[in-house]
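First comes the structure, then the notes that go with it.
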Amino acid sequence: MESGKLCVSAPVSRDRVVTRFPKWYTPEACLQLKDHWHVQVRNACQDRSARNVGHRLKISKVVVVGDLHVGKTCLINRFCKDVFDRDYKATIGVDFEIERFEISGIPYTLQIWDTAGQEKFKCIASAYYRGAQVIITVFDLADIRTLENTRQWLEDALRENEPNSSFVFLVGTKKDLLSAAECERTERDAVRLAAEMKAEFWSVSAKTGIDRGSTEQPQGRGPEGLACC
Ligand SMILES: Nc1nc2c(ncn2[C@@H]2O[C@H](COP(=O)(O)OP(=O)(O)OP(=O)(O)O)[C@@H](O)[C@H]2O)c(=O)[nH]1
C-alpha cells in the first residue's frame, strides 16, 4: 500500500486546535520565549512545509510525578476529559492517556503517563520515566511539604533521561482550597523553586477549572488559557 494515501487518524477535536499560546506565568519561565526550544519543534513551526513531516513530531511523552494525593490524576482528568472526581482512588503503578492536538498547523500527540505517588509503587512508576520529553512535577498548594518533595521527584525522573532532553513543569494544584494571601505566599516559594529547576510554573485547580476566555488575570495570578485547568 502506498504510504501517505490512507488517512487513519480521526480529526483533532476543535478545542485541541491551538493557534494561540497561553500567557506565561513569569516571562523567565515561559517556554515560548526560550531560545532553546527543541530545534525540531522550532523549525517545524517556522517552516510551513513541515506540515508534511508532522509524523516525525507525532508523539511526545509526558510523565507526571509527585507525592501521593497531590492531585496528579485529577489534573490529567481535567485536561483530558474536563471532569473532576472528588473521591480519591490511588493510582496503582501507572496509567496513561493519549491526547491529539494540532499546534500552529502541526499534528501533535501527547502520551501522558500518570504515575503513582505511593512509595510502594515507586519502582514500577519509575520504569516509565525514560524517554520523557516533558516532566510535570506536581505539588499540593495547600501542603507545603509536597513542594519540597518535588526536588526529589524531578531528580529521579531526570536521572532516567538524557541531560537537557526534557522540558520541566512545576504545577501547584488545589488552588481552590487556599485564600488569595495563602496562595500568593506559596506561589512565591514555588516560583523560586521553579527557577532553580528551570521549570515553567503553573498554579491551578482541577476542581474549579479556570475561566478559559479570561484576559483579566494579571500576570502571576493564574494560568489563563491553559487548556486544562
Ligand atoms: N479541592 C480540590 N481537591 C482536589 C484537587 N485536585 C485533586 N483533589 C483531590 O485530591 C485527592 C487526590 O487526588 P488524585 O488526583 O487522586 O491524587 P494523585 O496525586 O493522583 O494520587 P496518587 O494516585 O496516590 O499518586 C482526591 O480526593 C481529589 O478529589 C483540586 O484541584 N481541588
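When reading the values below, keep in mind they use all heavy atoms of this one structure, side chains included, and skip hydrogens, waters and symmetry mates. Note that the coordinates shown come from a computational prediction; the quantities given were computed from them, not determined experimentally. Counting starts at 1 for both ligands and their atoms, following the listed order.
- Heavy atoms of Thr173 come nearer than 4.0 angstrom to ligand 1 in no pair at all.
- Taking every non-hydrogen atom of Asp176 and a distance limit under 4.0 Å, the qualifying atoms of ligand 1 come out as 1 (N), 2 (C), 30 (C), 31 (O), 32 (N).
- Residue Ala90 has no N or O atom closer than 3.5 Å to an N or O atom of ligand 1.
- Looking at Val204 next to ligand 1, no N or O pair under 3.5 Å apart turns up.
- Remark: ligand 1 atoms within the under-4.0 Å shell around heavy atoms of Asp85 are 28 (C), 29 (O).
- Between Glu162 and Arg130 there is no salt bridge, since none of the side-chain N atoms of the basic residue sits less than 4.0 Å from a carboxylate O of the acidic one.
- In the vicinity of Leu68, heavy-atom distances shorter than 4.0 Å reach the ligand 1 atoms 24 (O), 25 (O).
- Less than 4.0 angstrom separates some heavy atom of Leu177 from each of these atoms of ligand 1: 1 (N).
- Taking every heavy atom of both residues into account, Ala116 and Trp153 meet most closely at O-CH2, 4.1 Å.
- Backbone and side-chain nitrogen or oxygen atoms of Leu75 are examined, and none is located within less than 3.5 angstrom of a nitrogen or oxygen of ligand 1.
- Taking the six-membered ring where tryptophan is involved, the planes of Tyr88 and His69 are perpendicular, since the angle between them exceeds 60° and thus also 30°.
- Trp202 contributes atom CH2, which lies 10.5 Å from atom NZ of Lys175 (distance to the nearest 0.5 angstrom).
- In summary, of the residues considered (Asn149, Thr137, Thr150), a side chain to side chain donor-acceptor pair (under 3.5 Å) with Asp67 occurs for Asn149 alone.
- The heavy atom nearest to atom 7 (C) of ligand 1, considering only Ala116, Cys74, Gly209, is found in Cys74.
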